[in-house]
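Sequence positions, counted from 1, serve as the residue numbers for this chain.
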Amino acid sequence: MNIHVAFDALCKEIRSVYPSLEFTILEIGAIPTAGNKSEPFHQILSEFPGSRIHAFEVDDAICAKLNAAADDGMRFHALAIGSKHEQRPFYITNHPMCSSLYQPNHELISQFNNMEESYLRESTHINTVTIDEFREAEQIEGIDFIKIDIQGAELDAFKGAVNSLTNTVAIVTEVEFIPQYTNQPLFRDVDAFLSDNGFMFHKFFTLRGRALKPVTVANNPIAPSWHFLCDTMYVRRISDWDSMEPAKLLKLAVLAYLYGSPDICFRCLQIFDSMQNSRLHQFLMESSRFYNILASLRRALRYRSAWRT
């Protein structure tokens, strides 16, 4: 199964039913990862014209460089997102991706392999703004999806987005299980806040961590024995789906598909179809069966060829 072909076909079918569908997305902590790998939701820009991704990084020079090469619909903002409009210490680490509004917990992280990139290099002060302030200043009606990775300060960002979160259908956030940064909120704190604001935990993925010095796992210095952190997906509570606006159901369906949750995609399309007298959920089921049949045939042909030789 070619996931890109399948996603393109689904989006084309959705556009035929709802041609005006547009997304507004926040990507908070947007320095490209190693190899310049794009995020799954970046595909939305080409599938749903008029969609916008507002990405945030604190470094002016990095944002200027990224804006010069950005796709249509994507804009980088040199802003630090926090719980309120204020000046806060900012802790710059050996690798910029590990810099944070929270001070690295050197006493703890120094006990683990290959954590030197997270060591403190210098500190400064930075002005933070809230998501709610940004949305009002940019005259953004609603935010559909948030992807956030800001090194322990994710809860601060959510606390400054209480009004904006009422329109958000899904969130992918990094959460941490041990305090890599001093006094940082942990997974339990993020989970409690999002649960209180209408979201439901969906799943973990990309678990990461390290092993205690001097032992390495499988002779790999970055292989985890301890799980430090991972990305986590939250969605609107299942009990709210029946009362969601049709466009929001479609947006949650698309995001769920991109993040490997076809069951959520199917349920949202099914509810949408019951409202709009369409057949998107049947299309999804039929296309899934089609691709599964093709995949089974390919496996059978490979097996048969190998048996004959």
Do [X] and [Y] have side-chain N/O donor and acceptor atoms under 3.5 Å apart?
| X | Y | answer |
| --- | --- | --- |
| His85 | Glu133 | yes |
| Ser118 | His95 | no |
| Thr232 | Lys203 | no |
| Thr24 | Arg52 | no |

Between [X] and [Y], does any side-chain N to carboxylate O distance fall below 4.0 Å?
| X | Y | answer |
| --- | --- | --- |
| Glu47 | Arg15 | yes |
| Glu174 | Arg208 | yes |
| Arg88 | Asp156 | yes |
| Arg75 | Glu138 | yes |

(message) For a ring pair (Phe, Tyr, Trp, His ring centres under 6.0 Å) check, start with the C-alpha distance between Tyr259 and His202, then their side-chain angles and the critical distance, and finish with the verdict.
(response) CA-CA 11 Å; Tyr259 282 94; His202 176 43; 9.6 Å; no
(message) Is it the case that over 12 heavy atoms from other parts of the model lie below 6.0 angstrom from the CD atom of Glu107?
(response)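 Open: at most 12 neighbouring heavy atoms sit under 6.0 Å from CD of Glu107.
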(request) Please determine if Arg188 forms a cation-pi arrangement with Phe177, meaning its NZ or CZ atom is less than 6.0 Å from the six-membered ring centre and no more than 45° off the ring axis. (result)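 Not satisfied by the 6.0 Å and 45° rule.
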(request) Answer yes or no on whether Arg236 is positioned over the face of Phe199, meaning its NZ or CZ is under 6.0 Å from the six-membered ring centre and within 45° of the axis. (result)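 Verdict for Phe199: a cation-pi partner in Arg236.
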Which heavy-atom pair separates [X] from [Y] by the least distance, and what is that distance?
| X | Y | result |
| --- | --- | --- |
| Ile14 | Leu250 | CG2-CD1, 4.0 Å |
| Lys84 | Thr130 | CA-CG2, 3.2 Å |
| Leu280 | Asp273 | N-OD2, 2.8 Å |
| Ala30 | Phe76 | CB-CE2, 3.9 Å |

(request) Decide yes or no on side chain to side chain contact (heavy atoms under 4.5 Å, CB included) for Asp263 and Arg267, but give the supporting numbers first. (result) CA-CA 6 Å; Asp263 54 331; Arg267 177 69 66 83; over 6 Å; no
(message) Check whether Gln139 reaches the backbone of Arg135 with its side chain - one donor and one acceptor, N or O, closer than 3.5 Å.
(response)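 Absent.
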(message) So does Leu194 get a backbone contact from the side chain of Asn197, meaning a donor-acceptor N/O pair under 3.5 Å?
(response)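 Looks like no, no N/O pair under 3.5 Å.
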(message) What verdict does the side chain to side chain contact (heavy atoms under 4.5 Å, CB included) test give for Glu176 and Phe228, after you've listed the backbone C-alpha separation in whole Å, the side-chain angles of each residue and the deciding distance to 0.1 Å?
(response) CA-CA 6 Å; Glu176 295 177 324; Phe228 285 9; over 6 Å; no
(request) Check whether any side-chain heavy atom of Ser99 sits under 4.5 Å from a side-chain heavy atom of Gln151, and report yes or no. (result)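 Result no, sub-4.5 Å side-chain heavy-atom pair not found.
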(message) What I'd like to find out is whether the side chain of Glu136 reaches to under 4.5 Å of the side chain of Asn163, using heavy atoms alone.
(response)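 No. Closest side-chain heavy atoms not under 4.5 Å.
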(request) With side chain to side chain contact (heavy atoms under 4.5 Å, CB included) as the test, would you mind laying out the steps for Leu120 and Gln103 before giving the verdict? (result) CA-CA 8 Å; Leu120 181 65; Gln103 184 173 355; 4.2 Å; yes
(message) List the residues meeting ring pair (Phe, Tyr, Trp, His ring centres under 6.0 Å) with Phe193, not counting sequence neighbours, and say none if there are none.
(response)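 Partners of Phe193 under the ring pair (Phe, Tyr, Trp, His ring centres under 6.0 Å) test: none.
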